Amino acid sequence: MDIAKRYDPAGSREKWYDFWQDNNLFHADESNDKPAYSIVIPPPNVTGKLHIGHALNNTLQDILCRWKRMEGEEVLWMPGTDHAGIATQNVVEKQLAQEGLTRHDLGRDKMLERIWTWKKEYGDAIIHQLKYLGSSCDWDRTRFTLDEGLSHAVREVFVRLYEDGSLYRGNYLVNWCPRCHTTLSDDEVEYTDSNGSFYYIKYPFADGSGDMTIATTRPETMLGDTAVAVHPEDERYQHLVGKEILLPLMNRKIPIIADSYVDPEFGVGALKITPAHDINDFEVGKRHNLEQINIFNEDATINGNGGVYEGMERYQARKKIVADLKEQGLLIKVEDHQNRIGGCYRCNTNVEPYLSLQWFIKMKPLMEEPIKAVRDGRVKFIPKQWENTYFSWVENVRDWPVSRQIWWGHRIPVWYCDDCGEMTVPREDPDCCAHCQSKNIRQDEDVLDTWFSSALWPFSTMGWPDKTKELAKFYPTTTLVTGHDIIYFWVARMIMMGLYIMDEVPFSDVYITALVRDAQGRKMSKSLGNAINPIDVIDKYGCDSVRFTLAIMAAQGRSINLDEERIEGYRNFTNKIWNATRLILASIEEGEVLSGEAPQDKLEWADRWILSRLQHAIDAVRKGMEEYKFNDASEALYHFVWHEYCDWYLELIKPRLYGDDLEARLVVKKVAFQVLECALRMLHPFIPFITEELWQILKTLGIPHEDAISIMKTSYPKSDQSAIDDALEADVEKFQKFIYVIRNIRGELNIAPGLETKVEFKISDSADEEFLKRYYPLIATLCKINQDLSASADLEPNPASSVGMVDGCELRVLWPAEVEEKEIQRLQKQVEQLNKVIMGREKKLSNKNYVDRAPEKVVQIERDKCQSEMQECERLKKQLEILAK
RNA sequence: GGGCGAGUAGCUCAGUUUGGUUAGAGCGCCUGCCUUACAAGCAGGAUGUCGCUGGUUCGACUCCAGUCUUGCCCACCA
């Protein structure tokens, strides 16, 4: 039987993904009795296509899901996408800008239509990409955060929060672009260093008893000052606290307050407080119940609160105010000052902190339970260190402003009555005010923060608020796989909402993935041009290779610096698996079937050895999986398949595989396939496509002893401890040592690989004799040496040979002519090296402290080694002496 | 400024929790092989004062302190 010389990843990917879907293998059944395992996907933003970080994240989720399915659990992997409010609206606005339009030109409805079009395109692209990656999501359940069902959940949660007093409306400073007339999120503000000035201004006391100096970079905001603040422990100012200032230009009385926010070291240690126009002042103002006086219009001109400066542009006003202060003798000095100014990422206009009415969630009470949940282990972070990040936020949580001044999102379900001024917060859209029945009501213009709906994701996707079977079966979910950058935004808030709404944590394990960077450790970005597009590398190397690379590099607590060469290396691994299969397949006769296990009594030592090693591999892989150490699990698989199965086992069986003994051939084929099939099942969660492809071929030969339509429906291997043979493994290790030693000597001597050489053994005990009797034939084959064993207890010294030692057994490779010179040099080098090692050991052993205090076992091992090394060294020296003559 | 990581072979990284063989892998490099599974391969080889300094210890890549370099997160200074 023959298959293609090379594996075709693209064809295989399409074929088997369709096969899995057609057979409904990703579907989670909410009504069976199997134990449940569930993961909700971190819904990708519909802003654009997936990057390599998504590939990592979803590969790991898929590994977990496929593994758990094979473990016999009922697995739900809930897929979906996130509307990503501000981000998505922005990309569409950028698109509009290229057509010379703004969202206001389109109006709310047309704009939303336009964003939906975008969503359709990118949402579909994302799903396509996830499938390209092999993700085994339950696609029938795909959700979107603006779906009807999810919107229903959002509405219900909002109303509940409102009803129990967790929601309130209050003033808040937002980043405002006076040119775009829009709010900006924090990450849409770009800070640049700028050369400004630092103004020292005299503020007179209201009682006429003198004045004090304050310093500011924004003198124009003094129009909105409502206090002057000093540090409570600042001795220079303590006596002034409680006094009043007569605010210059405005002639308004404002208090002098004490607040530890003030840094006594900076400036003059006293500052003006403008709660409506500075975020820190805003906080201070809240603490001291200060009035918030907004002095700007939406275009950053001075409004009616600015007295005579009304109508002036903000920087014009600054000039005028400074001039007026100077004229009144209140300006002490102006210093150059470097500071950072926030600009709008679109138009670079300086952003203005702007006071506006926003909805907030009171977080402190809601966060009490989430803190406990992580403390007592109901939610575990993996790696654990991320719990610090979580705690640092939840323990200092501030109220959550949830309104956003954009259009794309869940509209805030609050209606204001123009007649009685009351609010209506209903579960169904109202047609009149709940308080006065007036029809004169308006819905809040704002939408909710994207993270509001994301916070509900684990249960909203399962049909809440209805009591669905999905919720009963799959909530709480098991594992969340996400990045550390959204522990605050998302993870903490999901835990909060899960406990608040469902009374149960939304997941028990939070696996925090590494960040994927480029080979030099730089962030991947479009502008740097170092971004690796998952689709590109999948097309180039195959999906399995990309997945395996990501898994094997996913060491906990580190970022992944991804080098394309690594992917290539693991592509070679998939090819290796392919060819290992080809080797055995080549020995299959037309129509031959291999059903049934190989009879135990017909197994040779090599068979029992690989079966023993297989059990260790299974244990190691399982351990890695259970501890979320994907790198350990994949490393164990890589090593077992390549360096034990292919490098040793397949080489060991070749004589039998190609031999004339038909029964032996059948036995060895069965064992070889049995081990391969087991490895394929272990590998399947990591590299699903090639394993399915090969497994299906094996199936036609009757190799899998389970009746399944897909490798997905087989069971994940469990180790059989009774198949472990430690004594045999030790023997084989010794066997391998003989081969390494002989090959090494051959290599050093530069003996052509095809040239057969003679090797003699000096046996010191009967155990070695037995050993060689048993293992020599294969040693001879694998080393290209004489098949007739030449071994005896007393071997005449033969200086024209290279001597090797394996566990006290001496062997010599006879030199072909003309290698003496080279060999003498090598021996000398060896003696040198050996001497170094021996000296180190002797030093250690002559240390009384070491001998007395180190465990006896450790010391004994050391002594034995020293002993045999000294013998070896003596022998080499002797040989060199003889050769010298 | 606060917090959390990282520094091990030419490159990218394991290992360090629990101190004890001559510190490993992939890629790259050197030598020899197209040996009929695989040249995307096989066999062999070279390469490390484990960032630096000090401490604890019989013994430190591993534990402790300090230090340098570097990455990320948060707060950003009137």
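The chains referred to below are lettered A, B, ... by the order of the sequence lines, with proteins before strands, and numbering in each begins at 1. Values in this document were obtained by computation on a predicted structure and should not be read as measured data.
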Does the side chain of A:Asn849 get closer than 4.0 angstrom to OP1 or OP2 of B:U57 through an N or O atom?
no
Rounded distance (Å) that lies between atom P of B:U36 and atom CG of A:Leu650
16 Å
Using the side-chain heavy atoms of A:Asp647, tell me which of these nucleotides is nearest: B:A40, B:C42, B:G26.
B:C42
In this structure, are over 12 heavy atoms from other groups packed under 6.0 Å from A:Lys784 atom NZ?
no
Apply side chain to side chain donor-acceptor pair (under 3.5 Å) to A:Glu568 and A:Asn572, showing your working.
CA-CA 6 Å; A:Glu568 192 181 341; A:Asn572 297 352; 5.5 Å; no
Nearest-angstrom distance, C1' atom, B:G15 to B:U69
23 Å
Quickly work out the A:Arg582 CZ to B:A37 P distance and round it to whole Å.
8 Å
According to a strict under-4.0 Å criterion, is A:Asn280 in side-chain N/O contact with OP1 or OP2 of B:C76?
yes
Tell me which nucleotide among B:A37, B:A43, B:A78 gets nearest to the side chain of A:Thr216.
B:A78
Test A:Leu680 against A:Ile577 for side-chain contact (heavy atoms from CB on, under 4.5 Å), laying out the working first.
CA-CA 9 Å; A:Leu680 290 177; A:Ile577 300 169; 4.1 Å; yes
Would you find a donor on one side and an acceptor on the other, under 3.5 Å apart, between the side chain of A:Lys669 and the backbone of A:Ser587?
yes
What does A:Arg218 touch in the nucleic acid at a heavy-atom separation under 4.0 angstrom: a base, only the sugar-phosphate, or nothing?
nothing
In whole angstroms, the gap separating P of B:A78 from CD of A:Glu335 amounts to 12 Å
Interatomic distance, A:His639 NE2 vs B:G15 P [rounded to whole Å]:
17 Å
If only side-chain N and O atoms of A:His484 are considered, is one of them under 4.0 Å from the OP1 or OP2 phosphate oxygen of B:G3?
no
Under 3.5 Å, is there a donor-acceptor pair between the A:Asp263 and A:His231 side chains?
no
Is there a donor on the side chain of A:Glu651 or the base of B:A37 sitting less than 3.5 Å from an acceptor on the other?
yes
Heavy atoms only, 4.0 Å cut-off, all strands: where does A:His643 land among base, sugar-phosphate and nothing?
sugar-phosphate
Distance check, P atoms only: B:G7 and B:U17, in whole angstrom units.
14 Å
Contact class for A:Asp263 (heavy atom, under 4.0 Å): base, sugar-phosphate, or nothing?
base
Among B:A25, B:G20, B:U12, the nucleotide that comes nearest once only the side chain of A:Met553 is considered:
B:U12
Indicate, with a heavy-atom threshold strictly under 4.0 Å, whether A:Asp281 touches base, sugar-phosphate, or nothing.
nothing
Select base, sugar-phosphate, or nothing to describe what A:Ala586 touches, counting heavy atoms under 4.0 Å on all strands.
nothing
Backbone of A:Lys272 reached by a side-chain donor or acceptor of A:Asp225 within 3.5 Å
no
Taking the P atom of each, how far is B:G10 from B:A23, in whole Å?
16 Å
Grab the stems for RNA chain B, please: at least three consecutive Watson-Crick or wobble pairs, both distances below 3.5 Å, written as range with range.
B:1-7 with B:68-74, B:10-13 with B:24-27, B:29-33 with B:41-45, B:51-55 with B:63-67
Think A:Tyr488 has a side-chain N or O under 4.0 angstrom from the OP1 or OP2 of B:A75?
no
Does the pair A:Phe630 and A:Tyr511 meet the rule for a ring-ring contact (aromatic ring centres under 6.0 Å, His included), with working shown?
CA-CA 11 Å; A:Phe630 300 98; A:Tyr511 177 83; 5.4 Å; yes
Over all strands shown, is A:Lys784 touching base, sugar-phosphate only, or nothing at heavy-atom distances under 4.0 angstrom?
nothing
Please work out if A:Thr217 contacts a base, only the sugar-phosphate, or nothing of the nucleic acid, heavy-atom cut-off 4.0 Å.
sugar-phosphate
Is there, by distance only and without an angle test, a donor paired with an acceptor across the side chain of A:Arg571 and the base of B:A40 below 3.5 Å?
yes
A:Ile739 has an atom CD1; how far is it from atom C1' of B:U35, in whole Å?
16 Å
If we take the P atom in both B:U62 and B:U49, what is their distance in whole Å?
15 Å
Indicate whether OP1 or OP2 belonging to B:C42 is found under 4.0 Å from a side-chain N or O atom of A:Lys576.
yes
Quick check on the 6.0 Å ring-centre criterion: do A:Tyr638 and A:Tyr570 meet it?
yes
How long is the span from the CD1 atom in A:Ile703 to the CG atom in A:Leu694, to the nearest 0.5 Å?
13.0 Å
Interatomic distance where CD1 belongs to A:Ile512 and C1' belongs to B:C72 [whole Å]
14 Å
For A:Arg566 and A:Asn572, take the nucleotide of RNA chain B holding the closest heavy atom to each; which residue's nucleotide lies nearer the 5' end?
A:Arg566
Expressed as a whole number of Å, how far does the C1' atom of B:C76 sit from that of B:U16?
36 Å
One pair to check against side-chain contact (heavy atoms from CB on, under 4.5 Å): A:Trp451 and A:Trp400. What are the steps and the verdict?
CA-CA 10 Å; A:Trp451 297 108; A:Trp400 176 14; 3.9 Å; yes
Answer with yes or no whether A:Arg746 presents, from its side chain, a donor or acceptor under 3.5 Å of a partner atom in the base of B:A43.
no
Work out how far the C1' atom of B:C30 is from that of B:G66, and round it to whole angstrom.
43 Å
Nearest-Å distance once atom C1' is located in both B:C52 and B:U70
15 Å
When you compare B:U8 with B:U47, how far apart are their C1' atoms, in angstrom units rounded to a whole number?
13 Å
Select from A:Asn744 and A:Arg6 the residue whose nearest nucleotide in RNA chain B is closer to the 5' end of that strand.
A:Arg6
Counting only side-chain nitrogens and oxygens, does A:Trp393 get under 4.0 Å of the OP1 or OP2 atom of B:C4?
no
With sugar-phosphate meaning primed atoms plus P, OP1 and OP2, does A:Phe573 contact a base, only sugar-phosphate, or nothing at under 4.0 Å between heavy atoms?
nothing
Could you check whether A:Arg743 gets within reach of a base, just the sugar-phosphate, or nothing at all, counting any heavy atom under 4.0 Å?
sugar-phosphate
Out of B:G20, B:C38, B:A37, which nucleotide sits closest to the side chain of A:Ala580?
B:A37
For A:Ile341 and B:C77, give me the distance from atom CD1 to atom C1', rounded to whole Å.
14 Å
Which part of the nucleic acid, if any, lies within reach of A:Lys654 when heavy atoms closer than 4.0 Å are counted: base, sugar-phosphate only, or nothing?
base
May I ask you to establish whether A:Arg6 and A:Trp578 are in a cation-pi arrangement, using a distance under 6.0 Å from NZ or CZ to the six-membered ring centre and at most 45° from the ring axis?
no
